[in-house]
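Order of appearance sets the numbers: ligands from 1, and atoms from 1 within every ligand.
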Amino acid sequence: MAKLLVQNSGPLKGEVTISGAKNSVLPLMAACILGEETVTIKDVPELRDVKILTDVLTSIGAKVDKTEANTLEITTEEITSTEPDYDLFNKMRASILIMGPLLSRAGRAKLPMPGGCAIGARPIDLHLKGFKQMGAEITVTDTFIDAVAPEGGLHGARVYLDFPSVGATENIILAAVLANGTTYIENAAKEPEIIDLANLLNKMGARIKGAGTDSVKIEGVEKLHGTFHRVIPDRIELGTFMLAAAITRGEILIKNIVTDHVKPVIAKLEECGVEIELTDEGMVVNAVGKELTATDIKTLPYPGFPTDIQSPFMAFLSTVDGESTVQETVFENRFMHVAELNRMGANIKTQDRTAIIPGNKKLEGAQVIATDLRAGAAMVLAGLVADGTTEVSEIYHIDRGYEHFEEKFRKLGATIIRIED
Ligand code: UD1
């Protein structure tokens with residue numbers, strides 16, 4: 001299994017350009033199978049998750065062509081199977097996003113129980129609740145879910161989400177665009193990736209209003225057509241590079257960004273004493289020579305502090321002056337990186353869903369594991385300021401969600417080597 005060897009690299013300096021958002025491109029690709037015509041998606045990041053979803057879509061009849069770097073053309077003249085390949089599907093939790101489109105276009109979706117990052121139980125009850133309310137018959141066993149639409153197709157419904165789940169909001173929107181009648185989603189997730197999905201679907205001929213608010217209205221239409229779409233920039237990658245500047249006490253110009261998407265990360269870094277300046281070119285994050293201090297963080301659904309930035313931020317907080325706390329409210333088991341940071345001397349304690357970070361630590365290089373995608377980034381950030389070498393294993397998690405990860409870091413002056421064994 002491949003590993004990354006990370007050395008103490010001093011302050012990172014230079015500029016980096018953010019790629020298209022992983023969490024947008026996956027639902028966008030799932031949306032493409034709703035119509036027969038070709039949809040062209042630009043700024044598609046080259047990621048393992050994109051490759052997996054490409055294979056999943058191909059296994060049900062889509063033609064996915066990479067026409068140039070970062071461009072996909074997806075055409076689904078016909079759905080040839082309502083049962084995607086089991087092994088492929090299980091490689092990635094977000095594969096569940098093809099359930100809504102399959103059900104609505106082909107009338108059935110028989111899927112294995114989804115896999116993915118090991119961060120808590122991650123049930124899909126809210127997705128299924130929505131489909132049931134739209135008329136689907138659902139059979140769930142230990143290994144698969146079989147959903148069948150009623151004769152004549154899914155119908156509109158009023159769906160209230162007990163929690164504003166990103167995936168459930170997306171999947172129900174995807175199921176509703178071709179349903180008979182109007183669907184309302186209440187307590188919907190408000191993440192920018194949901195707006196991106198609605199924008200693509202509306203360009204394909206859907207009628208969606210309210211995406212990005214907690215109340216989304218989808219009027220069903222008969223048919224969708226082809227279009228062209230550019231993926232929004234990845235706000236989590238942006239947050240990761242903001243923290244790379246902060247933890248190494250460096251200065252990085254970050255380009256291709258939407259500042260509004262990272263307001264809580266800006267606010268919290270500024271509270272710690274990091275200087276953030278917005279220019280015509282992008283965002284300059286400057287921590288050179290700064291005395292940085294502690295803060296408290298609570299993860300929340302958007303527009304609150306993103307759970308995906310929690311672990312990189314925790315690595316940073318280990319190095320500032322004073323005690324910080326991080327409270328995780330979105331996922332029930334997202335502190336697996338704490339044990340890894342502690343191997344490097346961070347001395348973090350957890351109590352239920354709160355982590356207490358004593359701060360003021362000079363981290364030590366160690367052998368650590370990327371326990372999930374964002375935890376992998378956190379380990380690399382810690383390695384950049386630790387004494388000696390940090391060996392990060394299970395980096396397939398990092399490859400799932402960061403495009404040209406080491407290359408981007410190396411350009412900023414980081415010493416990172418990938419070893420394959
Ligand atoms: C998406 C993101 C992920 C991010 C997360 C929260 C993608 C591909 N992934 O994941 O990077 O960390 O949003 O911002 O976009 N839940 C239920 N029942 C359900 C669905 C979810 O109880 O049917 C719970 C989950 O267990 C979790 C919480 O809701 O505790 C949030 O999950 P959700 O918003 O659905 O996250 P994902 O869409 O899986």
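For ligand 1, the atoms sitting less than 4.0 Å from at least one non-hydrogen atom of Arg334 are 12 (O), numbered in the order shown with element in parentheses. Every atom of ligand 1 with a heavy atom of Asp125 under 4.0 Å away is listed here by number and element: 17 (C), 18 (N), 19 (C), 22 (O), 23 (O). Set against the non-hydrogen atoms of Arg93, the atoms of ligand 1 under 4.0 Å away are 39 (O). Of all the atoms in ligand 1, the ones that sit under 4.0 Å from a non-hydrogen atom of Phe163 are 28 (C), 29 (O), 31 (C). Of all the atoms in ligand 1, the ones that sit under 4.0 Å from a non-hydrogen atom of Gly167 are 35 (O), 38 (O).
The distance between the ring centers of Phe89 and Tyr86 does not fall below 6.0 angstrom. Note: Tyr160 and Tyr184 fail the aromatic proximity criterion, with ring centroids not under 6.0 Å apart.
Of all the heavy atoms of Ala168, none lies under 4.0 Å from any atom of ligand 1, so neither backbone nor side chain is involved. Proximity of Lys129 to ligand 1, defined as any heavy-atom pair under 4.0 Å, is not found for any part of the residue. Residue contacts with ligand 1, taken as heavy atom pairs separated by less than 4.0 Å, involve Val330 via backbone and side-chain atoms alike.
Using a distance-only test at 3.5 Å, with no hydrogens or angles considered, a donor-acceptor pair links the side chain of Thr169 to the main chain of Ala189. In this structure a side-chain-to-backbone donor-acceptor pair under 3.5 Å is missing from Gln327 to Lys298.
Screening residues 202-211 for side chain to side chain donor-acceptor pair (under 3.5 Å), with sequence neighbours left out, gives Lys203-His229.
For the ligand labelled ligand 1, residue His127 lies inside the 4.0 Å heavy-atom shell. Judged by the shortest distance from any of its heavy atoms, Ala189 lies outside the 4.0 Å radius around the atoms of ligand 1.
Evaluated by nearest non-hydrogen atom to atom 4 (C) of ligand 1, the leading choice among Asn333, Asp308, Leu53 is Asp308. Around atom 6 (C) of ligand 1, the closest heavy atom drawn from Ile124, Leu126, Thr307, Val25 belongs to Thr307.
A side-chain N or O of Arg334 and one of Thr307 form a donor-acceptor pair less than 3.5 Å apart.
Looking at ligand 1, you'll find an N or O of Val166 within less than 3.5 Å of one of its N or O atoms. For Lys22, no nitrogen or oxygen atom sits less than 3.5 Å from a nitrogen or oxygen atom of ligand 1, counting backbone and side chain alike. By the 3.5 Å distance cut-off applied to N or O atoms, Glu332 is not counted among the residues near ligand 1.
Taking the charged nitrogens against the carboxylate oxygens, Glu391 and Lys3 do have a contact shorter than 4.0 Å, which makes a salt bridge. Remark: Glu323 does not engage Lys349 in a salt bridge, criterion side-chain N to carboxylate O under 4.0 Å.
If you run side-chain contact (heavy atoms from CB on, under 4.5 Å) between Phe405 and each of Ile395, Leu4, Asp399, only Leu4 comes through.
Here Ala346 pairs with Ser318, Leu341, Asn342, Ile348, Leu363 under the side chain to side chain contact (heavy atoms under 4.5 Å, CB included) rule; sequence neighbours left out.
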